[in-house]
Engineer: 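Handing you a structure now.
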Amino acid sequence: MLRLAIAQLRPRKGAYEENLARLGAVFRELGAEPDPPELIVAPEAALTGYFLEGGVRELAVTADRLFEDLSCRHREAQAAPLDVALGFYEVHQNRLFNSALYATLGGPDAGIRHVHRKIFLPTYGVFDEERFVEAGRGVQAFDTRWGRAAILICEDAWHSFTPMLAALAGAQLIIIPSASPARGVLGADEAPGRPASLARWTRLAQDMAGEHGVYVALAQLVGFEGGKAFPGGSLIATPRGDILAEAAVFDEAVLRATLDFEEITRARTDLPLLADLEMRLPHLLGSLHEARRGGRPSGVKPGGQTADTAGKRTPPAHTSAQGSSRPALPPIPMRATPDRDPLAIDPELTRRWLVEFIRDEVQRRRGFERVVIGLSGGVDSSLVAYLAAEALGARNVLGVRMPYRTSSPESLAHAQLVIEALGIRSETVDISAAVDGLATAVSDPPDPGRLGNIMARTRMITLFDLSAAQRALPLGTGNKTERLFGYFTWHADDSPPVNPIGDLFKTQVWSLARYVGVPDVIVSKPASADLITGQTDEGDFGISYPRADAILHWILLGYKAPEIQALGFTEAEVDLVRTRLDSTHWKRRLPTVAMLSATAIGEYYLRPVDY
């Protein structure tokens, strides 16, 4: 039997000593329990945060240093001897690794029992690990005071070969410290109310445990780093592939369970898959060696020919045996299903996700208590105000109306509706004099488009001045569709440092706004920047938001124009969206800087925004 606890932690980025003290408090709290855990497991990068980029070299420590630091905190906690497993950035033999330590703290047998160095370093999407750390070389099971364990770090567990090696080496418990950013606001059917990526982790842990007859302990990081959510949702799976315990999402937690290792014997007796694997492994290794030589069994020539078929012509794959061509299948995206809207969201999950994001980003990471929001009377800024009021409290939200003399009176009225519904603080700043002062001072009088840009930048000057005056962080209100279309004024709408809704398409904004209670008169009216009289977003685009959002969705997933057209969109619509997307990349980037050195900011000197 093993009393196990998973400490689902929210570390402060780069604060090694502070996070170490937090872990010491966990030692103290759990050590005071009547039956304290014998093993505490913490997530990947538990003492520093995960996305460090070039900061890895500043925060990496040796395993010996980490063991001494943990031992010190354990002594201070006056806890009974216990084992601990956690992820950390390691410097070892003058090399940097993403590692995990397993150690015994206290007692006569205290010491380091194992260090696992992450093998599979994700370098795609939001990940860039291989640029900053080196890969480990193997998977090993090791002895502990209670039995045998093995460690896999995050993506190590996604490759079926690695848990197989751990089980074959005798591991009874596979420990997985992980820092896996959440993706997917359409809650999976098997895990409602949880990010879709967590559903895959659950299946993975259950399949791993059930196939090999082992316990699996998945320790997930929680919190936000640079807008990316670590959702928590740690879990423990049994040797039969069942979930023994599962932690909540978006909160720190301690997950406790008692592991009965006799259950491994019972599970493997009922389903002896591991024994079968051991028997067939020599033959399978032979197949592996053949695959590494080129994937051809002995006697097979290049092109798939055997000695019997060499010299005979094989019909091409796209023809029948009689040589007639088969009709081409329509190039419909594989992810398109008629009964499911690919842009549908779980509104409750999305609401909680964004509320936690605002709390974490504004208060915990940037040290602000208040925010300032430009309230236009439109659905985007209204939704952000509703989310911020829930996250921070109404009195910590300042809504600012900034009309110009040609602004629609409806915009002012709708902004006031939001102010009154939420009870937030408000201020009205008429920007007419400032805008007209500049417009009349320039030698070439601005046309309506230029005048609109002056309005947008004047509003942002106002927000940032109020930010400085009231120490309130400006929140952005631009949605994903606008950002992808470049439908904003550069260094104006895009300037606020935190944007809760920037990864929601406009149609998703409408859905969430209705769910949280934004007045229908705001949600239902035609979207407009209100910079030019009579202007509407969809009139400027030449396409409706629902159709633009759907086309953007498929483009971002990598599908080509013919595949998207097969879903019912015209060639002209796809071309319009693609052209707007491709012509506005520059608006979504920082200014281009001439690189002259090997320390250029953003090229060589790399630090995350919250480091």
Side-chain angles (χ1 to χ4, degrees), residues 181-189 192-199 224 227-229 231 250 333 335-337 339-358 361 373 376 378-388 390-391 418 475-488 493-494 496 498-520 522-529 536-538 541 543-557 559 564 567 569 573 577 580-581 588:
R183 281 91 77 197
V185 289
L186 179 59
D189 295 337
R194 301 165 77 85
S197 55
L198 275 186
F224 289 78
K228 294 172 280 291
F250 298 122
R335 300 191 194 189
T337 53
D339 59 341
R340 192 165 192 175
D341 177 2
L343 296 181
I345 62 172
D346 177 336
E348 175 57 24
L349 169 62
T350 309
R351 179 204 62 79
R352 187 177 180 199
W353 189 324
L354 296 181
V355 166
E356 288 297 328
F357 164 74
I358 292 171
E361 193 66 29
I373 302 169
S376 68
V379 66
D380 298 322
S381 61
S382 299
L383 173 59
V384 172
Y386 270 72
L387 295 170
E390 181 180 353
V418 172
L475 290 188
T477 60
N479 62 67
K480 188 173 186 175
T481 313
E482 292 173 344
R483 296 176 66 220
L484 291 173
F485 270 10
Y487 194 65
F488 58 87
D493 315 44
D494 63 326
V498 174
N499 182 348
I501 66 167
D503 198 28
L504 289 176
F505 288 106
K506 186 72 169 191
T507 48
Q508 295 171 324
V509 167
W510 286 333
S511 174
L512 184 58
R514 287 191 174 94
Y515 179 78
V516 301
V518 174
D520 188 66
I522 296 175
V523 180
S524 300
K525 70 179 181 179
S528 171
T536 66
D537 295 1
E538 293 177 329
F541 297 160
I543 188 174
S544 72
Y545 269 119
R547 296 185 73 77
D549 287 355
I551 294 170
L552 284 168
H553 168 75
W554 295 118
I555 288 176
L556 296 183
L557 287 177
Y559 290 98
I564 300 172
L567 293 173
F569 301 98
E573 287 175 321
V577 172
R580 287 209 64 131
L581 176 67
R588 295 180 290 273

Engineer: Is it the case that the ring center of F505 lies less than 6.0 angstrom away from the ring center of Y545?
Structural biologist: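 Centroid separation for Y545 and F505: 6.0 Å or greater.
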Engineer: If you measure only the distance, is there a donor-acceptor pair under 3.5 Å linking the side chains of T477 and D380?
Structural biologist: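 No, no side-chain donor-acceptor pair sits under 3.5 Å.
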Engineer: Which pair of heavy atoms, one from T507 and one from P546, lies closest together, and at what distance?
Structural biologist: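 So the two residues come closest at CG2-CA, 3.6 Å.
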Engineer: How long is the straight-line distance from CD of E538 back to CZ of R547, given to the nearest 0.5 Å?
Structural biologist: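 So the gap between those two atoms works out to 12.0 Å.
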Engineer: Rounded to the nearest 0.5 Å, what's the gap from OG1 on T350 to CD on E348? Could you check?
Structural biologist: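 If we round to the nearest 0.5 Å, T350:OG1 and E348:CD are 9.0 Å apart.
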Engineer: Under the side-chain contact (heavy atoms from CB on, under 4.5 Å) rule, what do E573 and I543 come out as? Steps first, then yes or no, please.
Structural biologist: CA-CA 7 Å; E573 287 175 321; I543 188 174; 4.0 Å; yes
Engineer: Are S376 and S381 close enough that a side-chain donor and a side-chain acceptor fall under 3.5 Å?
Structural biologist: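 Looking only at side-chain atoms, S381 and S376 do form a donor-acceptor pair, the distance falling under 3.5 Å.
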Engineer: Centroid-to-centroid, W554 to F569, below 6.0 Å?
Structural biologist: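 No.
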Engineer: Evaluate side-chain contact (heavy atoms from CB on, under 4.5 Å) for V379 paired with K506, printing each intermediate quantity in order.
Structural biologist: CA-CA 9 Å; V379 66; K506 186 72 169 191; 3.5 Å; yes
Engineer: Taking C-beta and beyond as the side chain, do L504 and T481 meet within less than 4.5 Å on heavy atoms?
Structural biologist: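 Of all side-chain heavy-atom pairs linking T481 with L504, none is under 4.5 Å.
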Engineer: Any side-chain to backbone donor/acceptor pair from R580 onto F485? Under 3.5 Å, distance only.
Structural biologist: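 Checked: pair present.
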Engineer: For K525 versus I522, what's the shortest heavy-atom pair and its separation?
Structural biologist: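 Where K525 meets I522 most closely, the heavy atoms are CG-O, 3.4 Å.
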Engineer: Just wondering, do K480 and Q508 contact through their side chains at under 4.5 Å, heavy atoms?
Structural biologist: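 Counting from C-beta outward, Q508 and K480 never come under 4.5 Å.
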Engineer: Is any side-chain heavy atom of V185 closer than 4.5 Å to one of I345?
Structural biologist: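 SC-SC contact between I345 and V185 confirmed.
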Engineer: Indicate the atoms forming the closest heavy-atom contact of S382 with V518, along with that distance.
Structural biologist: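 Answer, listing the atom of S382 first, then V518: CB-CG1, 3.9 Å.
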Engineer: Any side-chain heavy atom of F250 within less than 4.5 Å of one from P195?
Structural biologist: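 Yes, close enough: below the 4.5 Å cut-off.
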Engineer: Contact between R514 and S524 at the side-chain level, heavy atoms closer than 4.5 Å - yes or no?
Structural biologist: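 Result yes, sub-4.5 Å side-chain heavy-atom pair found.
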Engineer: Output the distance between atom CG (L387) and atom CD (E356), rounded to the nearest 0.5 Å.
Structural biologist: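 With rounding to 0.5 Å, CG (L387) is 12.0 Å from CD (E356).
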Engineer: Answer whether the closest heavy-atom distance between the side chains of V498 and I358 falls below 4.5 Å.
Structural biologist: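 No, too far: nothing below the 4.5 Å cut-off.
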Engineer: Check step by step if side-chain contact (heavy atoms from CB on, under 4.5 Å) holds for W510 and Y515.
Structural biologist: CA-CA 9 Å; W510 286 333; Y515 179 78; over 6 Å; no
Engineer: Given side chains that start at C-beta, do those of R588 and D494 come closer than 4.5 Å, heavy atoms only?
Structural biologist: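 R588 vs D494: side chains apart.
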Engineer: Of V577, N479, L552, D549, which meets side chain to side chain contact (heavy atoms under 4.5 Å, CB included) against L484?
Structural biologist: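 The residue from V577, N479, L552, D549 that satisfies side chain to side chain contact (heavy atoms under 4.5 Å, CB included) with L484 turns out to be L552.
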Engineer: Walk me through it: do I501 and V384 pass the test side-chain contact (heavy atoms from CB on, under 4.5 Å)?
Structural biologist: CA-CA 7 Å; I501 66 167; V384 172; 3.9 Å; yes
Engineer: Taking all atoms of both residues into account, what is the closest heavy-atom pair of P181 and K228, and its distance?
Structural biologist: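 So the two residues come closest at CB-CB, 4.4 Å.
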Engineer: Just by modelled atom types, is the G502 backbone N or O under 3.5 Å from a matching donor or acceptor in the R483 side chain?
Structural biologist: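 Pair found, side chain donor or acceptor close to backbone of G502.
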Engineer: Heavy atoms only: give me the nearest W353-F224 pair and the separation to one decimal.
Structural biologist: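 So the minimum-distance heavy-atom pair works out to O-CZ, 3.5 Å.
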Engineer: Grab the two heavy atoms, one from V418 and one from Y386, that are nearest each other, plus how far apart they are.
Structural biologist: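 Nearest heavy atoms, V418 then Y386: CG1-CE1, 4.0 Å.
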Engineer: Starting at CG of D341, measure out to OG of S511 and round the result to the nearest 0.5 Å.
Structural biologist: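 Going from CG on D341 over to OG on S511, the span is 9.0 Å.
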